*Asks:* 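Handing you this structure, nothing more for now.
A, B, ... follow the sequence lines: proteins, then strands. Residue 1 opens every chain. Just so we're clear, the structure is a prediction, and the values are computed from it rather than from any experiment. We use all heavy atoms of the structure for the numbers below, so side chains are in, but hydrogens, waters and symmetry mates are not.
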Amino acid sequence: MTTPFLDDLSRAIAAAATQATGVVEPAVPLVPPTRPEHGDIASPVAMGVAKRAGRPPREVADDIAEALRRRDDLALIIDRVEVAGPGFLNFRLRPGWFGRVVRDIAAADREFGAGSAKPREAILLEFVSPNPTGPMHVGHARHAAYGDAVARLLDFVGHTVWRECYVNDYGRQMELFGASVAARYAELIGDVPHLPEDGYHGAYVAEIAAEIRTEVGDRFVGRVSPPDAKALGFFATAGGDRMLARTQSELETCRVRMDRYFSEATLHAEGHVVAGIDALRAAGLTYEDDGATWFRTSDFGDEKDRVLVRSDGATTYLAADVAYHLDKASRMGDRMIDILGADHHGYINRLKAVIAAAGYSTDVLEVLIMQLVSLIEQGEAKRMSKRAGTLVTLHELINDIGVDATRFFLVERSHDTAFELDLNLAREQSQENPVYYVQYAHARCCSILAKADQAGVGRAPDHAAPDELDPSERALVLRLSDWPDAVADAAARRAPHRLVAYLKDLARDLHAFYHRCRVVGESADVQAFRMELTVATRQVLALGLELLGVGAPERM
RNA sequence: GCGCCCGUAGCUCAGCUGGACAGAGCGACAGACUUCUAAUCUGUGGGUCGCAGGUUCGAAUCCUGCCGGGCGCGCCA
């Protein structure tokens, strides 16, 4: 907790610590106390400097506290400072500090906590990246919800983010998909279907085939049973286009925006794959062996070298990724971030090798690994198998629990943790669902302000702070004051789940405040202060929910 | 075998750039609506932080070794 509202206090503690021990302490941590009787804010700084000064922590803490008490300028901030435990400095803050914080937050409006990143970077973020051979499932949904939230966070703290989705529309899987669509088309026109053995069986394949037939009619009669090469190419492309369109539409429904869908096939068609291999060859990073062309990825930490061109002349998936990452490197600005599934973690060093080969520091590529998500219903794991067709699609998930719950639940846990999403809980339209808990807090703020409006109570931004504050008011203001730090931290760590945790805490503080304190109809100072507090809380809840891509309803 | 991730309350998980008796939600139990929405609040119960060492004034957090689980280690994509 390093709220900007306590910078003065932080600096004063640092100065006092140096004065007391001679030790220079650049970073003075301020932490929320674990127990209410410890005051509003605490600092363990004395323990740290005492160690380096070779003195007992409590003694050092006493010296610092005494020095702080002698500073008149702090009287506006600190009500009381005490030394406790092994050497903690516990502060109780003045009502005036709370008043100022609330005014500043309400005045900052949507800019509160924004733009704090240093330095501000231009970042190319790649996420989701599906195969256009089938519908997106829960795994894609987690990538989408997480990636989009990270993008919003990075943008909010001041970075410039370009969102990109790589489309794997090339290779054997696309051929199989094309053949599968052609087979369903053959059925529709009364021909014998030639469904490949490891082809695609889902009902959506037939849907796609029907859509294509509506467009091209019977033009392929006699050419799909079995299909000729040209027909296969047509059905692969036409089918892939339609799957991609579905993907785009579903992501839009989920409020996930992409700046570009990047086609792998175009990399091949435009010669970038070959050019990429040539570039690596020119850099001396390839060699020929057994008729294949190898990339010396082991020079960059990979377990072994990898094939770029097979002995039959075909390029590998890696070759396309080389081309793609070279292309991204030339466009990224300062940094590129890939969000990959856990099953691709072995890819990190290969991609770093590409970046290094292109002459960049490997640090400019950040790979975030997403662990698995599974579903649980009635206390039992929902079995999901692609082959059995029991995979839960993103489409079904949204129809089941809604976009807000889907997004909220999928970013509630760290991307680094495999977790189980409880469908019963997510479906719950009532009290035990954390999504509504946070949204309800926002609606409640709106409700209070609507009531004030109705009562003809206007806002008074330059009110004086009340002399006495309820503990719930103190807790709420302290929470709000921590927002800039919380959001900066979530962005820096690429950890939107921290934002979720913050919002749940904030919602809890608001609800507690609501039950203990009335806003409308109190004395002028109290009413004015609580109005501004309500405005500030509503604002931060709205900002937070927006960063998660979750709605902030005014009424529920 | 090697690499990455994970083992924290009955369940799902935070906390992990070291700080006060370890947190939340759900579930269980007991209370609170004549007042700005009870989709809320208050309280109770619940834990050898996988195990064992080490570093430290202080370890869930850092180091080492085990045990257990997930994922990966193709001239597949």
*Asks:* Can we say A:Glu412 and A:Lys504 salt-bridge, meaning some charged N sits less than 4.0 Å from an Asp/Glu carboxylate O?
*Replies:*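 Here A:Glu412 pairs with A:Lys504 in a salt bridge, since their nearest N and O are under 4.0 Å apart.
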*Asks:* Using a 4.0 Å heavy-atom cut-off across all strands, classify A:Cys445 as base, sugar-phosphate, or nothing.
*Replies:*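 The residue A:Cys445 makes no contact with any strand.
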*Asks:* At under 4.0 Å, does any side-chain N or O of A:Tyr514 touch on OP1 or OP2 of B:A39?
*Replies:*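 No, no such contact exists.
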*Asks:* One character per nucleotide, please: for nucleotides 72-77 of chain B, 5' to 3', B when the base has a protein heavy atom closer than 4.0 Å, S when only the sugar-phosphate does, - otherwise.
*Replies:* BSSBSB
*Asks:* Return the stacking result for B:G19 and A:Phe88: yes when the ring centres lie under 5.5 Å apart and the planes under 30°, no otherwise.
*Replies:*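 By the stated criterion, A:Phe88 and B:G19 do not stack.
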*Asks:* Would B:C73 be called syn or anti here, given the cut-off of 90° from 0?
*Replies:*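 Judged by the O4'-C1' to base torsion, B:C73 sits in anti, the angle falling more than 90° away from 0.
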*Asks:* Using 30° and 60° as the class limits, which term best fits the ring planes of A:Phe177 and A:Tyr204: parallel, tilted or perpendicular?
*Replies:*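 The rings of A:Phe177 and A:Tyr204 lie parallel, inter-plane angle below 30°.
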*Asks:* For A:Glu164 and A:Tyr324, does a side-chain donor sit closer than 3.5 Å to a side-chain acceptor?
*Replies:*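 Result is yes, a qualifying pair exists.
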*Asks:* Can you tell me the distance, in whole Å, between the CZ atom of A:Arg479 and the C1' atom of B:A24?
*Replies:*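 Going from CZ in A:Arg479 over to C1' in B:A24 covers 11 Å.
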*Asks:* Regarding A:Tyr166 and A:Asp338, do their side chains bring together a donor and an acceptor under 3.5 Å, going by distance alone?
*Replies:*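 No.
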*Asks:* Tell me whether the side-chain N/O atoms of A:Arg508 come closer than 4.0 Å to OP1 or OP2 in B:C41.
*Replies:*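 It does not, given that no N or O in the side chain of A:Arg508 lies less than 4.0 Å from OP1 or OP2 of B:C41.
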*Asks:* Kindly give the atom pairs (protein nitrogen or oxygen, nucleotide nitrogen or oxygen) under 3.5 Å for nucleotides 14-17 of chain B.
*Replies:*
{"residue": "B:A14", "atom": "OP1", "partner": "A:Ser414", "partner atom": "N", "Å": "3.1"}
{"residue": "B:A14", "atom": "OP1", "partner": "A:Thr417", "partner atom": "OG1", "Å": "2.9"}
{"residue": "B:G15", "atom": "OP1", "partner": "A:His497", "partner atom": "NE2", "Å": "3.0"}
{"residue": "B:C16", "atom": "OP2", "partner": "A:Arg498", "partner atom": "NH2", "Å": "2.4"}
{"residue": "B:U17", "atom": "O4", "partner": "A:Arg493", "partner atom": "NH2", "Å": "2.9"}

